[in-house]
Structures are given as C-alpha cells and as structure tokens.
Amino acid sequence: FPVTICFLLILGFLRLGSLVKYVSTSVITGCTCGIALLIFSLQVPVFFGLKGISSSTFADRIISSYDHLASFNGWTILLGTLSLGIIVFLKTKLPKAPWGLVVIFLGTLIAFLADLPIATIKSTFGAMQTHLPHPVLPNFSVPLSLLPEIFSNAVVFTLLISVESIISSLIGDGLLEKRPRANCELVAQGIANLAVACFGGLPESGTIPRTVTNAKVGAQTPLSGMIHALTILCILSFFSQFLDHIPLVCFARFIVTGK
C-alpha cells in the first residue's frame, strides 16, 4: 500500500499521467478480470453459507468450496435467492427504484425478525465502530524477502488506480465540458490513499459509475464528493447498529451475479 502511494505521487509530480492513457486495453482488462475472479471466489462461499474455507489462492479456494458443499446453509441460499428475485422484479417493474437499498433493507429485516442463523457483518467481523479509528502512519519496514512480491503488487495497484481514476476524470470532465487534469488526479489519488492507509483502509480509486452519476445529477465541483463522504460518515455514526445486522449474502449476491 505505501509503495502504491509513492508510485502515484511520483507519476503525478513527474507529469506522467497522460502516458497512462496509452496502456494496452487488454492489459487492463486482464488485471481487472483477475481481480474480479478473485473477489468472486471469495464471495461464492458466502453466497452458499459454506464453512471452513481458508485457502488463499483462487484455484484452491474454488476446490475447497466444492469440498465443503455439504456445509451449505439453506437459509443463506434462500435469502440470497429471494434477494435476486426482488432485484429482478424491481428492475423490471420499477427500474427507477433504489433496488440495492431495498434488498439490503428487506434482507436485514427478514433475517433480524426471523432470527435466521446466517452470517452477518457483526457475527463475522464484529460490531461496527461508531467513530473513526485513530490515524497511524503506514508501516514502511518490510522484510527484504517480501520486496519482490510487494513491488509487483504495488505496480498492479498503481496501474489499475491510475487508469480507472484518469478514465473517470476524462469522462466526468467531458460531461461537464471541462479540461481534464490527469496529473492532478494522480497526485490527489496518492494523497487520498495516504489518508486511507493511515486509517487502516484499502486502496481506493475514482470510479466511473459514481462519476457519471454525479455529473448527470448536476454536480459541478468537488463539493459533491465531500458531501458523499460526509453522508457515509453520518450513516456509520448514527446507523451502525442497523449495519451490524446486514446479512453478508445480501452483498455477496451483488458480486456473484453482477447485479
């Protein structure tokens, strides 16, 4: 993570942001598909309520999931299937309805009222915090034996973050008829990821769906992004007890089906 931050800042300060646009589409597609498959393999056991899955690689995790099929949770599968049905219905009959929020709310309500024996955020990860963790600087000291792996992972993360962020910026600026600033975007992503790392988060980047949505609803300045961040902070601060009871299968269903 710290290496990725350094790479992003270096790319931005050396004004190399424009070069990212020339990276082969097949390379980006391959990296993105690889990450998608990895996430998929992580969520399949959650969707079926499997237990005892601890393999670290994609292939081993798929094999382990197959070997542990007997440990499936019928209630988890039922709730996941019900969630899928609700989404299909809403997207067909009420396409403008916030189907994601509806499914999470109904799924949580059903699981809580029926006291279903399924995995939730609280049962799996512990109770949600109602405040931000104390900031801590990232650990830059690592064993020399891990440097090659860390370096290769940092290159992949830097590539994906740079390309997705710059493409998001180009699309958003195009919709708003503004001049794109690729190098500024990279520096901003580096600083943002430094803040994320200090609070124990995961690497982040600009995303095309939210960028386009922001532009379509009339956003003109970075203030819209700040309001978005404050909204999430308020939800975590005042509704964390509700979030504790959200079934993991409600999230896994989105990832596994791509809906």
Side-chain angles (χ1 to χ4, degrees), residues 1 4 26-89 91 99-100 102-129 142-143 145-157 159-161 164 200-205 242-259:
F1 201 176
T4 301
S26 59
V27 173
I28 305 304
T29 302
C31 292
T32 305
C33 290
I35 293 176
L37 287 174
L38 180 61
I39 296 176
F40 177 84
S41 69
L42 289 169
Q43 297 304 315
V44 165
V46 177
F47 185 78
F48 291 99
L50 305 182
K51 298 179 180 179
I53 310 299
S54 59
S55 302
S56 57
T57 65
F58 170 79
D60 290 342
R61 193 175 296 112
I62 294 297
I63 295 173
S64 180
S65 298
Y66 177 78
D67 293 337
H68 290 80
L69 279 178
S71 66
F72 73 90
N73 186 318
W75 291 112
T76 301
I77 298 175
L78 181 62
L79 185 59
T81 305
L82 177 62
S83 300
L84 176 59
I86 294 175
I87 288 181
V88 171
F89 174 79
K91 294 188 73 172
W99 46 267
V102 172
V103 166
I104 290 177
F105 177 78
L106 292 179
T108 303
L109 188 65
I110 293 172
F112 179 76
L113 294 179
D115 194 21
L116 299 180
I118 61 178
T120 62
I121 291 180
K122 184 176 182 179
S123 67
T124 305
F125 304 107
M128 294 281 291
Q129 294 185 352
V142 295
S145 60
L146 295 179
L147 283 181
E149 181 180 356
I150 292 175
F151 183 83
S152 61
N153 290 336
V155 170
V156 173
F157 276 121
L159 182 62
L160 291 175
I161 291 174
E164 184 170 13
L202 297 173
E204 60 83 28
S205 71
F242 172 78
L243 299 179
D244 285 340
H245 299 287
I246 296 179
L248 294 184
V249 68
C250 289
F251 297 118
R253 205 221 51 70
F254 297 134
I255 297 175
V256 171
T257 64
K259 296 292 186 179

**OP:** List in chain and number order the residues that pass ring pair (Phe, Tyr, Trp, His ring centres under 6.0 Å) with Phe112, two or more places apart in sequence or in another chain; answer none if no residue qualifies.
**Re:** His245

Original post:
Between atom CD1 of Ile110 and atom CD1 of Ile118, what is the distance when rounded to the nearest 0.5 Å?
Top reply: 9.5 Å

**OP:** Could you tell me which residues satisfy side chain to side chain contact (heavy atoms under 4.5 Å, CB included) with Thr124, sequence neighbours excluded, listed by chain and number?
**Re:** Ala119, Leu248

Subject >> side chain to side chain contact (heavy atoms under 4.5 Å, CB included) partners of Leu243, counting only residues at least two apart >> reply: Met128, Ile235, Leu236, Ile246

Without placing hydrogens or testing angles, list every side-chain donor-acceptor pair under 3.5 Å for residues 68-80, not counting sequence neighbours.
unit_1: His68; atom_1: ND1; unit_2: Ser64; atom_2: O; d: 2.7
unit_1: His68; atom_1: ND1; unit_2: Ser64; atom_2: OG; d: 3.4
unit_1: Ser71; atom_1: OG; unit_2: Lys51; atom_2: N; d: 3.2
unit_1: Ser71; atom_1: OG; unit_2: His68; atom_2: O; d: 2.6
unit_1: Asn73; atom_1: OD1; unit_2: Trp75; atom_2: N; d: 2.9
unit_1: Asn73; atom_1: OD1; unit_2: Thr76; atom_2: N; d: 3.2
unit_1: Asn73; atom_1: ND2; unit_2: Pro117; atom_2: O; d: 2.8

**OP:** Please name the pair of heavy atoms, one in Cys250 and one in Gly107, separated by the smallest distance, quoted to 0.1 Å.
**Re:** SG-CA, 4.0 Å

Original post:
Residues two or more places apart in sequence or in another chain: which of them pass ring pair (Phe, Tyr, Trp, His ring centres under 6.0 Å) with Phe151?
Top reply: Phe7

Original post:
Is there any side chain to side chain donor-acceptor pair (under 3.5 Å) pair reaching into residues 107-120, and which pairs are they, with sequence neighbours excluded?
Top reply: Thr120-Ser123

Subject >> Approximate separation, where rounding is to 0.5 Å, of Thr4 OG1 and Leu160 CG >> reply: 10.0 Å

Original post:
Could you give the distance from CD1 (Ile104) to CZ (Phe242), rounded to the nearest 0.5 Å?
Top reply: 8.0 Å

